[in-house]
2 protein chains.
Amino acid sequence: MHATVMHGPGDVRYEAVEDPKILKPTDAIIKLSATCICGSDLWPYRGLQPQDGPAHMGHEYCGVVVEVGSEVRTVKPGQFVVGSFCLSDNTCPHCQFGFQSSCEQREFMTGAQAPYARVPLADGTLVATEEMPDAGMIPHMLAVSDVLGTGWYGAVAANVREGGTVVVVGDGAVGLMGVMAASQLGAGRIIAMSRHESRSALARDFGATDIVGERGKDGVARIMDLTDGVGADSVIEAVGMAQSMQQAMGVCRPGGTIGYVGVPHGVSFDGGQLFFKQQRMLGGPAPVRRFLPDLMDRVLQGRIEPGRVFDLTLPIADVAEGYRAMDERRAIKTMLRVEE
Amino acid sequence: MHATVMHGPGDVRYEAVEDPKILKPTDAIIKLSATCICGSDLWPYRGLQPQDGPAHMGHEYCGVVVEVGSEVRTVKPGQFVVGSFCLSDNTCPHCQFGFQSSCEQREFMTGAQAPYARVPLADGTLVATEEMPDAGMIPHMLAVSDVLGTGWYGAVAANVREGGTVVVVGDGAVGLMGVMAASQLGAGRIIAMSRHESRSALARDFGATDIVGERGKDGVARIMDLTDGVGADSVIEAVGMAQSMQQAMGVCRPGGTIGYVGVPHGVSFDGGQLFFKQQRMLGGPAPVRRFLPDLMDRVLQGRIEPGRVFDLTLPIADVAEGYRAMDERRAIKTMLRVEE
């Protein structure tokens with residue numbers, strides 16, 4: 001088959017590779033219904049993350065099981081499945097504690113920007129639907145796999161409560177999904193920090209009650225003003241830069257919580273500052289598996305349409321253009337159609 | 001009257017000072033029933049914290065109200081009261097959120113190592129008992145004011161749960177109170193890191209199920225071994241040094257929580273490390289006021305005896321010896337008897 005391979009910064013090719021095979025008895029092979037490009041794929045694309053040789057890209061996926069290893073028990077060929085970008089056994093103590101992204105056997109999914117992909121730890125990772133979803137559901141189901149799951153975890157980690165005030169730092173795909181999650185979790189007020197018109201519009205559609213375009217000190221001042229000088233109960237940090245983290249810490253009230261889901265690049269904290277700010281913090285790669293059944297139900301019931309975050313859809317053969325569009329911020333997130 | 005004044009590192013004197021007076025209509029004057037020396041008093045005593053001129057020492061207190069300002073409504077002369085080392089109005093949004101130690105009007109108590117003291121923000125800070133407690137209750141009531149309140153907050157911040165596994169880093173007075181708090185909150189296993197025999201014994205009395213004397217990598221390995229490689233659900237960090245924080249982070253499970261109540265000195269965190277460790281963190285000066293009524297009840301009902309943490313009692317005139325004994329680690333915590 002052909003699949004997406006990154007040969008180096010800026011060099012993404014759709015090229016002939018070996019078909020994926022069952023390598024371990026706990027593997028499954030799926031035929032992708034659709035796949036997509038993640039904001040985190042841009043780190044190596046931009047040369048900001050070192051890479052050892054050509055890499056098979058893609059970790060967001062949904063599709064139909066075509067083959068399973070001899071030990072796989074919970075999914076079978078013909079079923080439609082969604083999995084997390086973190087592969088987990090879902091039985092170890094960390095998984096049982098709801099932190100499948102720290103599973104003792106954790107691996108990160110790769111090679112999903114392709115027509116077929118191997119999913120290790122299939123039993124612990126994949127969740128099947130009862131019926132084959134309609135084609136219109138595919139973008140939404142695909143979004144659950146990482147971008148919604150990560151935004152959702154950001155909201156849960158930020159302790160979003162019924163009626164609470166939430167600030168979302170970052171208007172990328174994950175931040176927008178954080179807005180959706182906060183809304184679903186009953187937040188009373190959702191302030192999205194965004195200065196891009198199309199993203200602000202989407203944030204409003206997803207439940208944002210206020211948009212703040214200012215950044216830095218002005219952004220903090222504006223939000224403190226909006227919250228009568230108190231600050232937010234919950235802050236979702238969905239960027240991972242020093243400035244965005246400062247922003248988050250600047251608007252979180254004492255005793256409030258920051259859920260940070262942007263992988264930190266160049267972020268550090270001073271212990272004394274953290275202490276006196278008295279803000280609860282929880283971050284990490286999202287344990288999407290914890291949320292999968294619930295999020296898939298919400299999609300199938302038509303309660304949420306997270307696939308709206310895909311504002312560009314291309315045939316997978318044009319994946320290189322998909323990367324370019326996201327790199328140049330012409331697209332929030334690119335979905336790739338998989339047709340053989 | 002005479003009171004405790006620190007003139008510089010190592011120079012504590014019990015000397016003549018002006019009697020405290022009502023300065024604001026929200027003040028109260030109390031006659032101390034007893035007072036004590038805090039571990040944090042040792043920072044300036046050891047010259048590790050800069051000081052502007054002579055300082056009136058002492059922020060842990062209980063006693064009888066002798067005078068109140070014209071606006072004080074909730075306490076009156078003749079009542080026995082306990083207050084927090086953080087003075088708060090108990091009405092602002094941060095107080096209402098349970099974080100009185102970040103009160104909009106927050107001040108820190110001073111001058112309590114004395115026979116009489118002024119307590120600002122009396123209505124929001126002091127809690128009165130219905131009856132005058134017996135003399136035997138005084139050490140326990142005094143401990144509530146800071147050392148127990150801080151250990152308690154550490155346990156609450158660390159999310160201690162019924163049946164959970166808790167590690168307490170630090171066997172000073174606050175760490176020992178953290179053990180007591182974890183026990184009261186129903187922890188199933190409490191591992192105290194301690195290498196001092198008398199402190200270990202007290203930790204066991206307060207509810208520790210295991211004592212780990214090793215530190216550094218050996219300490220982490222021992223605790224990982226005790227927890228079947230999983231780590232602790234909750235960690236109370238009660239020291240505030242880089243090594244003790246590393247210790248805490250080394251033994252907390254993914255998704256677990258670190259409550260840190262040792263004021264950080266030279267502690268910093270790398271964002272990426274914090275992210276992938278996926279540990280929840282909450283620290284800060286303890287909002288003791290939130291817990292005062294409950295903790296005073298527990299003392300009065302005889303359910304806890306936090307005053308046992310005082311292993312040296314001196315007349316207040318000998319306060320300098322009390323500081324020396326704690327500085328030289330001859331005493332865990334010194335109580336000062338106040339007799340006129």
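Proteins come first, then strands; the chains are lettered A, B, ... in the order of their sequence lines, and each starts at number 1.
- Below 4.5 Å, heavy atoms of chain A meet no heavy atom from residues 237-245 of chain B.
- The closest side-chain heavy-atom distance from B:Arg106 to B:Pro285 is below 4.5 Å.
- Smallest separation of non-hydrogen atoms from A:Arg289 and A:Ser84: N-CB, 4.0 Å.
- Under the 3.5 Å distance criterion, the side-chain polar atoms of B:Asp228 are left unmatched by any main-chain donor or acceptor of B:Val230.
- The shortest distance between side-chain heavy atoms of B:Ser88 and B:His94 does not fall below 4.5 Å.
- Of residues 146-171 of chain A, those residues lying under 4.5 Å from chain B by any heavy-atom pair are A:Tyr153.
- In this structure, A:Gln96 and A:Asn90 approach most closely via the heavy-atom pair NE2-O, 3.1 Å.
- The two residues A:Leu226 and A:Arg189 make their nearest non-hydrogen contact at O-NH1, 2.7 Å.
- Using non-hydrogen atoms only and a strict 4.5 Å limit, no part of residues 176-186 of chain A faces chain B.
- Shortest non-hydrogen contact noted between B:Met193 and B:Gln247 is CE-OE1, 3.0 Å.
- With rounding to the nearest 0.5 Å, the separation of OG1 in B:Thr125 from CG in B:Leu87 is 4.5 Å.
- When all heavy atoms of B:Asp41 and B:Met57 are compared, the closest pair comes out as OD1-CE, 3.6 Å.
- Atoms CD1 and CD1, on A:Ile223 and A:Ile191 in that order, are 5.5 Å from each other to the nearest 0.5 Å.
- The only member of A:Ser102, A:Ser101, A:Pro287 that meets side chain to side chain contact (heavy atoms under 4.5 Å, CB included) when paired with A:Cys86 is A:Ser101.
- Between A:Gly250 and A:Met224, the shortest heavy-atom distance links the atoms O-SD, 4.0 Å.
- In this structure, B:Leu126 and B:Val82 have side chains that are not in contact, with every pair of non-hydrogen atoms separated by 4.5 Å or more.
- In this structure, A:Met6 and A:Gln51 have side chains that are in contact, with non-hydrogen atoms separated by less than 4.5 Å.
- Near-neighbour residues of residues 254-280 of chain A relative to chain B, defined by a heavy atom under 4.5 Å from a heavy atom of that chain, comprise A:Pro254, A:Gly255, A:Gly256, A:Tyr260, A:Val261, A:Gly262, A:Val263, A:Pro264, A:Val267, A:Ser268, A:Phe269, A:Asp270, A:Gly271, A:Gly272, A:Leu274, A:Phe275, A:Phe276, A:Gln278, A:Gln279, A:Arg280.
- Contact check for A:Lys333 versus A:Ile37: no side-chain heavy atoms found under the 4.5 Å cut-off.
- For the pair B:Val251 and B:Val235, the minimum side-chain heavy-atom distance is below 4.5 Å.
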